Each structure stands twice: as C-alpha cells, then as structure tokens.
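Everything below concerns the one structure shown next.
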Amino acid sequence: MTLEQYGWGDRVAQAFQPYAQQGYLAGRVTLAQRHQFRLHTEVGDIAATVSGKFIHDTTAAADFPVVGDWVVVQPSAEAANGSGQGVIHQVLPRYSQFARKAAGTRTEAQVLVANVDTALLISGLDGDFNPRRIERYLVQTWESGANPVIVLNKADQCDRVAEKIAELDAIALGVPILPISAEYGTGLEHLNPYLQPGQTLVLLGSSGVGKSTLTNQLLGQTVQPTQSVRQDDSRGRHTTTGRQLFHLPSEALLIDTPGMRELQLWSSETSLDSTYADIDALAQQCRFRDCHHQQEPGCAIQAAIAADELAPDRLYSYQKLQKEQQYLARKSNPQAQQNSKKRWKTITKSMRHSKKPDY
C-alpha cells in the first residue's frame, strides 16, 4: 500500500522534505510496544527502534513515537525484502495528539495517539452509560485537535435510546451522536461520513463498551479478541492490550485502544470552555466577575439551575474538572507551586502563633 493510503499528505510531505534529501524514508507508526515499533513505509511494513541519539536528546516521554506518528526512519538493507529493521531518528510534527496526565505522581503528559482526524467516543447504552465520563472525553478531544463524535453502542440492549441521546444533546453542544449495535452491525452506516480515504479515526472508551467488536465489524474480519461484560455492572475486561492502527476496506485508518479506567486531564482552559460553553456563557451574566456560583447574589448559573435549565451535576462536573486543571497548572509551574507552598507556610505559622481563645 502507498503512503497516501496511510494518510500521507502535503503537510507531512513538507515536514519530511529535508530528511528525504538525506536519503531517509518516512514511515507511519502502526503498532507501538514500549520502544519497539511497527512502521508502514514505501518499502512495506518494517520493525523499528529509536536511535540512541534520539533517546539521549529526548527528555520528555511525550516526544517519543506513538501510534499514528509519522517518523523519519533509516531502514536496513534487508528492509526492501520485508525482513529488515529500521532505526527511527525523528518524529515529524503532529497536527493533533490525544494526551492525558501520566499515571502516578508524575506531572507530565502521556501521549496516547497522534495525527487523528476524528475521535469516536464510545459509550455503552447499558450500565456503562455515564454522561460525566463523556464530558471528560470531550474536553480531552477538543484539546487534542481532533473532532469528536459520540458513538452509543449496544442500542439493541436499550429501550430508551432517544432519551439517552436527548440527555447527551444537552451537554455535547452540537457534537454528532450516533446510536449503533456493533455486535449486530446495525447503524454502522452512520459512520460512513467519517470513514473516508486517508482519514484517521481513534476509538476511545472504557473496557467493555465494544471498541474491539466495532473494529472487527469495520474491518470485515475478526482481528481483535472480544469478551462479554459482567452482568452486574456492565464492566468489561481489557481485551485490547496495545494501540494499533488498521487500514479499513473503506481506505480510512482506525486506531483501536485499550479501555481506560483512568483519564486524568491534560488540557487547557480553552478546551474546557469549549465543552462547557453553556456554563461559560451563563457565567458572563453573573453580577460579580469573581462569582463562585454558590450562594452569591445575582448568580446566573444558580438561577439557571433553579429554573431547571441547567443540571446541578453538570456544574459539579465542570467545577471538578476546573480544579483538576488548576492543580495541574500549579504542579507543572514550579514558581506557582513554590508560591503556593510559601502561602500555606505563612498561614500555618500565623495559626500556630495566634493566641488561643479563653473558654
């Protein structure tokens, strides 16, 4: 297959031009497992590792290749026969990337996939249905640079599909919402506008929502293992263990991902406001600019809640994500973190030396 069939375009070609003159090849990462990669190049699919210089010069984990990346590779002599190896020397600039906060105590981004045009946010219409989780995915998708599409799977198991769609319509603000049944292949025609040649899509969602089943349906064959979910809480077990890019019969590219139990924010204020544009618009109408939207007089948001025009849960979700974002901003800004520590030291010292009241 040609590079164009894997999403190659003018933007990538322009970024690669200086390397082409030096005799390197371009490749797209289709599989990543630690520091081992599978690439599609003009000489076919090859295995590759990153160069020692790349490892030495790269300080941030987010800059290492991920599935969907276009990379600069030096192939071995045997690569033309499909049996050789390659060495990755550079990652070409990404036009989009889906990132989250790395697990644990590290305050750094973990990039999951790159160069995605459309993110299919998969939610099950069983016990997995969770509007608050979908809001979180929307924030991350707007931040990534991709366009979100909400896919409600397992429509065959729900007798209130229209009600669920209406519930999401109130929070998704113009994002397409597509009900399907991946198991029975119904409603998949709604995905056709996004499955265009050269377009890259990623499936995102928790375990058990049917990402692997949908992948198999779109490929027309079983390549990803699937398992049933637990009946008591509709939770699934991980069946996809790594991220992988597939070339579909429609000529679109699809990245399947493992289910994510945890999606910690790594986003800007702009992406949060895009997801909660209704709350942001109401906040502009509050009497006080520094309104906390609690009991302040003239709070437009509390007025909207009282009039049943805004769900209290949506405000809670917004404030929770806002706090996460502010925490990350402080952690990633050493000066802000130091100022915060100084402030609390001063408060603690003042409290320690204050005279206790007599009772």
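Because the structure is a prediction, the values reported are computed rather than measured. Only heavy atoms go into these numbers, but all of them, side chains included; no hydrogens, no water, no symmetry mates.
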Quick check on side-chain contact (heavy atoms from CB on, under 4.5 Å): which of I150, L138, V175 does L168 satisfy it with?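 Among I150, L138, V175, the one that satisfies the side-chain contact (heavy atoms from CB on, under 4.5 Å) with L168 is I150.
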With no hydrogens and no angle check, is any side-chain donor or acceptor of [X] less than 3.5 Å from a backbone partner on [Y]?
X	Y	result
E296	H292	yes
D256	Q244	no
S317	D313	no
K211	S206	yes

Kindly indicate, with the supporting measurements, whether the criterion side-chain hydrogen bond (donor to acceptor under 3.5 Å, both in side chains) is fulfilled by H247 and Q5. CA-CA 8 Å; H247 188 270; Q5 289 175 293; 4.6 Å; no
Kindly say whether the aromatic ring centers of F64 and F54 come within a distance under 6.0 Å.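 Between F54 and F64, which both carry aromatic rings, the centre distance is below 6.0 Å.
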Do [X] and [Y] share a hydrophobic cluster (ILVMFWY, side-chain heavy atoms under 4.5 Å, transitive)?
X	Y	value
Y318	I305	yes
F98	V66	no
L219	L201	yes
V87	L92	no
L121	V111	no

Inspect the surroundings of CG in D10 and state if more than 12 heavy atoms from other residues, nucleotides or ligands are less than 6.0 Å away.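 Atom CG in D10 is not crowded, with 12 or fewer foreign heavy atoms closer than 6.0 Å.
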Can you confirm whether more than 12 heavy atoms, excluding those of Q284, are under 6.0 Å from its CD atom?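 Yes.
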Pairwise ring pair (Phe, Tyr, Trp, His ring centres under 6.0 Å) hits with a residue in residues 169-201, at least two apart: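 Every candidate ring pair (Phe, Tyr, Trp, His ring centres under 6.0 Å) pair involving residues 169-201 fails, so no pair, neighbours aside, qualifies.
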Is any NZ, NE, NH1 or NH2 atom of the basic residue among D69 and R28 found under 4.0 Å from an Asp or Glu carboxylate oxygen of the other?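 Salt bridge flag = no for R28 with D69.
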Pairwise distance OG1(T141) to CZ(R136) - rounded to 0.5 angstrom: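 T141 OG1 to R136 CZ: 12.5 Å, rounded to 0.5 Å.
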Return the CG to OG distance between L204 and S144, rounded to the nearest 0.5 Å.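 Here the rounded value is 8.5 Å.
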Specify whether Y24 and Y19 have parallel, tilted or perpendicular ring planes, treating 30° as the upper limit for parallel and 60° as the lower limit for perpendicular. perpendicular
Distance-only polar pair, side chains of Q196 and E251, donor-acceptor under 3.5 Å: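 No pair is found: no donor N or O on one side chain lies under 3.5 Å from an acceptor on the other.
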